[in-house]
Amino acid sequence: MRPVPFPVDNHAVTEPPVPDFSVKPTLTGRRVLLRPFTLDADAPALRAMLQDPEAIKLTGGSNGPGDLPAWDDAAEARFRDWYETRNQQPGRLDLAVIDRARARCVGEVVLNDWSEANRSCGFRTILGPDGRDRGLGTAAARLIIGYGFERLGLHRISLEVYSFNPRARRVYDKLGFVVEGVLRDALRWGDEWIDATLMSILAPEWHRHHGYP
């Protein structure tokens with residue numbers, strides 16, 4: 001039997017919940033915990049993630065192998081200002097991904113670009129070296145997407161994935177995201193142009209399979 005992260009009473013007739021992105025929850029899964037950032041504890045892992053060449057490439061944060069931002073005093077100040085204010089943002093939800101087996105931060109998941117009128121938002125995630133290739137990204141994505149549909153009452157969650165990131169594409173396929181189209185030549189990487197695939201998942205689809213299509 002497939003687990004349902006957020007049980008729903010199918011017999012109750014209620015209005016859909018009103019999305020409230022100002023609430024920063026803690027979500028507990030079998031392998032990962034999603035929680036608001038605690039910068040003193042999370043900073044080392046977040047710095048490693050934001051300086052990791054593969055993570056930067058796969059999220060479109062650079063335009064070639066040598067295009068890595070310097071980590072100087074100004075970068076540190078921007079880093080601290082960004083993560084110290086994530087828990088106060090009313091229009092988006094940023095949560096740290098905690099590997100429960102090791103009890104440490106390995107990345108982040110984000111619901112952003114929220115449209116209240118359309119009950120829709122975007123999704124993105126980034127994991128550092130310690131969080132990859134162990135199924136943690138899939139578990140974290142399934143947990144926050146379930147929260148978006150079943151607790152926030154969203155209707156649509158969308159994302160973009162670059163063509164040179166087949167690992168992420170497999171995760172999104174596994175969760176039930178549907179391809180809507182291709183953004184051609186969306187990123188310049190070295191001497192190449194890289195496409196991005198636009199994908200989405202809708203509330204009726206999620207409620208049919210809860211991330212296990």
Side-chain angles (χ1 to χ4, degrees), residues 21 24-89 92-113 121-145 147-148 157 159-172 174-175 186-187 189-190 194 196 199:
F21 282 66
K24 311 302 181 184
T26 295
L27 308 176
T28 304
R30 184 175 62 86
R31 303 189 61 192
V32 297
L33 176 80
L34 308 183
R35 61 156 172 75
F37 292 103
T38 304
L39 192 54
D40 287 345
D42 300 337
L46 294 172
R47 286 193 194 95
M49 175 186 77
L50 295 173
Q51 296 177 77
D52 176 59
E54 183 175 2
I56 294 171
K57 172 186 176 181
L58 296 180
T59 55
S62 64
N63 295 102
D67 183 24
L68 299 178
W71 198 273
D72 52 18
D73 290 343
E76 177 67 17
R78 290 192 298 270
F79 163 78
R80 298 198 68 87
D81 179 67
W82 177 262
Y83 284 101
E84 285 173 348
T85 59
R86 293 309 87 198
N87 298 341
Q88 289 78 50
Q89 301 300 310
R92 54 185 285 152
L93 178 60
D94 302 72
L95 297 175
V97 178
I98 308 301
D99 177 0
R100 295 190 67 189
R102 302 180 183 182
R104 65 188 185 197
C105 177
V106 294
E108 65 181 13
V109 288
V110 180
L111 297 179
N112 61 359
D113 297 329
C121 73
F123 168 73
R124 70 173 183 81
T125 183
I126 177 172
L127 296 180
D130 289 344
R132 294 195 288 261
D133 300 319
R134 293 189 291 123
L136 302 181
T138 302
R142 188 175 283 123
L143 201 55
I144 195 170
I145 291 164
Y147 178 81
I157 297 176
L159 59 86
E160 295 175 14
V161 57
Y162 291 112
S163 60
F164 56 26
N165 193 359
R167 176 173 52 201
R169 172 62 187 273
R170 287 193 294 271
V171 169
Y172 304 141
K174 185 186 301 184
L175 295 176
L187 176 72
W189 175 257
I194 306 300
M199 307 180 75

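Everything numeric in this text was worked out from a predicted model, so none of it was measured. When a residue number appears, it is its place in the shown sequence, counting from 1.
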Once you round to the nearest 0.5 Å, how far does [atom1] of [X] lie from [atom2] of [Y]?
X      : Y      : atom1 : atom2 : value
Leu34  : Leu93  : CG    : CG    : 9.0 Å
Ile126 : Thr59  : CD1   : OG1   : 4.5 Å
Leu136 : Arg102 : CG    : CZ    : 8.0 Å
Glu84  : Asp40  : CD    : CG    : 8.0 Å
Leu111 : Leu95  : CG    : CG    : 8.0 Å

Minimum heavy-atom distance [X]-[Y], with the two atoms named:
X      : Y      : result
Ile98  : Cys105 : CD1-CA, 3.6 Å
Trp189 : Pro65  : CH2-N, 3.5 Å
Ala55  : Leu127 : CB-O, 3.9 Å
Tyr162 : Leu187 : CE2-CB, 3.5 Å
Thr125 : Val109 : OG1-CG1, 3.5 Å
Gly107 : Met49  : CA-SD, 3.6 Å

Looking only at atom types and distance, does a side-chain atom of [X] sit under 3.5 Å from a main-chain N or O of [Y], one as donor and one as acceptor?
X      : Y      : answer
Arg142 : Leu175 : no
Asp42  : Thr38  : yes
Asp99  : Gly131 : no
Asn165 : Val161 : no

(message) I want to check a possible cation-pi pair here: Arg86 against Trp82, using under 6.0 Å from ring centre and within 45° of the ring axis as the test.
(response) yes

(message) Less than 4.5 Å apart, side chain to side chain, heavy atoms only: is that true for Gln89 and Asn112?
(response) no

(request) Take Arg124 and Glu108 through the test salt bridge (charged side-chain N to carboxylate O under 4.0 Å, His left out) and record every step on the way to the result. (result) CA-CA 9 Å; Arg124 70 173 183 81; Glu108 65 181 13; 3.2 Å; yes

(message) My understanding is that only residues two or more places apart in sequence, or in another chain, count here; which of them pass side chain to side chain contact (heavy atoms under 4.5 Å, CB included) with Leu50?
(response) Trp71, Phe79, Tyr83

(message) Can you confirm whether Arg30 is buried at CZ, in the sense that more than 12 heavy atoms of other residues, nucleotides or ligands lie under 6.0 Å from that atom?
(response) no

(request) Taking atom CG of Asp73 as the centre, report whether more than 12 heavy atoms of other residues, nucleotides or ligands fall under 6.0 Å from it. (result) no

(request) Would you please name every residue forming a side chain to side chain donor-acceptor pair (under 3.5 Å) with Arg92, sequence neighbours left out? (result) Asp94

